Amino acid sequence: MYSKKFGRILLGFYSHNTNVSSVIQRRPATCPFSWSSACKHRKQLLQRTTIVSSDRSVLLCQMSSTQSASNTTVDPEEVRRFQALASKWWDEQGEFAALHSMNDLRVPFIRDNLMSLHRECQPGRPLGGLKILDVGCGGGLLTEPLARLGGHVLGVDPVENSISLARLHSSRDPELGGRLRYRACTVEELLGSEEEDRGEEEEKEAGEGSFDAVVASEVVEHLADLETFAFCCGHLIKPGGSLFITTINKTNLSYALAIVAAEQILRIVPQGTHDWDKFISPADLEHLLEPHGFSVQTVRGMLYNPVTGSWCWSDNTEINYALHAVKAANEPPHRQAEPEGQA
């Protein structure tokens, strides 16, 4: 009890006294300065197989091979860990309490950036007509709010128990039925699945170039292969579409607080929840996304206050941050027309 209280004091003190770099906000192709090129000391975080060909069929063939571990985003250890926690997604006081409160930041972050790109707003439904993919959706903590804002949202996750719970929870709100779907699969399986193999009618709309936005919130730090993730996102998102990521920076401070203090010393978070080697800095994440046609527009720091259980925006990107990137557009992005009479 005393160690947890000390941890809250430590983290709360840090959140009010850290002074780091300012928020980065940029517009596409209007400034010759490249933030990524200015970062002189990038590290190669993961040893990846470079995908030389842009031919989609080449990578999909590789991903279908059970012998190629480098072409799957799934880490079996992570799946087992979240399988054990699958029943606890909607416990607002449990292991996922911080993710519940994170919606106060990430939902407006996604909404406002999409509204700035798609000007046609419907009363009460700012995301109406937009197709959104929530990768690693878990129990649907972020998927449901996006659907309530009018988006047509597909949530995918490799943990079947999490998807079952997400479907059960969303079934309690009949208004979500026409706009919210779930599928137990990985992002590469979603891209690689053929139309006739998808089964249910509501899942047939997913595929290459299908989505106005892809969201991966608190996901990339649990993936086995970020190159495959970036490749799949580049193909699933329409030209002019958006990619939203929230994750943990790879810094000495994030190691000290997220691994040593929170897991090993204070035991606030179950030991083994995070692997520091999988953390990624904003600069390295931008470097990863650029070859797949993405231009990073915004990077904002996020801080969690364990005393109040709430999140706030900050100039500090040394621990958590949110990133918005846009895929190069051949033509201006546009919304799909809502079927007449559809809620």
Side-chain angles (χ1 to χ4, degrees), residues 45-66 68-76 78-79 110 130-138 142-143 146 152-159 162-163 181-195 197-198 203-247 278 280 284-296 323-329:
L45 301 181
L46 299 171
Q47 295 297 324
R48 307 182 184 94
T49 301
T50 302
I51 302 171
V52 178
S53 172
S54 61
D55 186 356
R56 171 175 174 262
S57 62
V58 174
L59 183 66
L60 295 180
C61 180
Q62 293 174 341
M63 289 192 297
S64 66
S65 172
T66 57
S68 179
S70 63
N71 291 126
T72 177
T73 60
V74 173
D75 183 332
E78 298 282 2
V79 171
I110 295 167
L130 297 180
K131 289 186 63 178
I132 302 171
L133 173 66
D134 185 8
V135 177
C137 65
L142 179 57
T143 329
L146 295 177
H152 291 262
V153 190
L154 172 63
V156 299
D157 196 287
V159 180
S162 294
I163 291 296
R181 308 182 310 282
Y182 289 105
R183 184 174 179 185
C185 70
T186 64
V187 66
E188 61 268 23
E189 289 170 344
L190 183 69
L191 177 61
S193 59
E194 296 299 330
E195 194 75 20
D197 294 334
R198 288 180 186 153
E203 293 176 344
K204 291 184 178 181
E205 297 178 0
E208 187 165 0
S210 295
F211 297 97
D212 297 287
V214 169
V215 178
S217 185
E218 306 307 294
V219 170
V220 299
E221 66 269 26
H222 300 289
L223 299 181
D225 189 337
L226 291 184
E227 182 66 55
T228 296
F229 167 78
F231 177 92
C232 293
C233 289
H235 282 269
L236 287 166
I237 297 174
K238 299 175 182 178
S242 294
L243 174 62
F244 296 96
I245 293 174
T246 69
T247 188
K278 290 185 178 180
I280 185 168
D284 283 309
L285 185 53
E286 181 179 16
H287 181 66
L288 174 74
L289 295 174
E290 281 177 343
H292 300 281
F294 291 103
S295 172
V296 172
L323 177 146
H324 173 220
V326 173
K327 182 180 174 181

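Both backbone and side-chain heavy atoms feed into the values below; hydrogens, waters and symmetry mates do not. As the structure is a prediction and not an experimental result, all values here were calculated from the model.
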Measure across [X] and [Y] and return the closest heavy-atom pair with its distance rounded to 0.1 Å.
| X | Y | value |
| --- | --- | --- |
| Tyr182 | Thr143 | OH-CB, 3.6 Å |
| Ser162 | Asp157 | CB-OD1, 4.5 Å |
| Ser242 | His324 | OG-NE2, 2.9 Å |
| Cys137 | Ile163 | SG-CD1, 3.7 Å |
| Phe229 | Val220 | CE2-CG1, 3.8 Å |
| Pro158 | Thr186 | CB-CG2, 4.0 Å |

Heavy atoms, side chains only, cut-off 4.5 Å: are [X] and [Y] in contact?
| X | Y | value |
| --- | --- | --- |
| His222 | Asp75 | no |
| Ile110 | Leu142 | yes |
| His292 | Cys233 | no |
| Val214 | Val187 | no |
| Leu191 | Phe231 | yes |
| Leu323 | Phe294 | no |
| Leu190 | Leu154 | yes |
| Glu227 | Leu288 | yes |

From Arg181 atom CZ to Leu133 atom CG, the distance as rounded to the nearest 0.5 Å: 9.5 Å
Atom pair OG1 (Thr247) and CG (Leu285), whose distance is rounded to the nearest 0.5 Å: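 Output value for this atom pair is 7.5 Å.
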Passing candidate, side-chain hydrogen bond (donor to acceptor under 3.5 Å, both in side chains) with Glu188, options Thr72, Thr228, Asn71: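 Going through the options one by one, the only one that passes is Thr72.
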Lys327 side-chain N/O to Gly234 backbone N/O, donor-acceptor pair under 3.5 Å: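 Judged by distance alone, yes, a pair lies under 3.5 Å.
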Residues Lys131, Asp212: salt bridge by 4.0 Å N-O rule: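 Asp212 and Lys131: not salt-bridged.
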Set of residues satisfying side chain to side chain donor-acceptor pair (under 3.5 Å) with respect to Ser217, sequence neighbours excluded: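 Side chain to side chain donor-acceptor pair (under 3.5 Å) check on Ser217 returns Arg106, Thr246.
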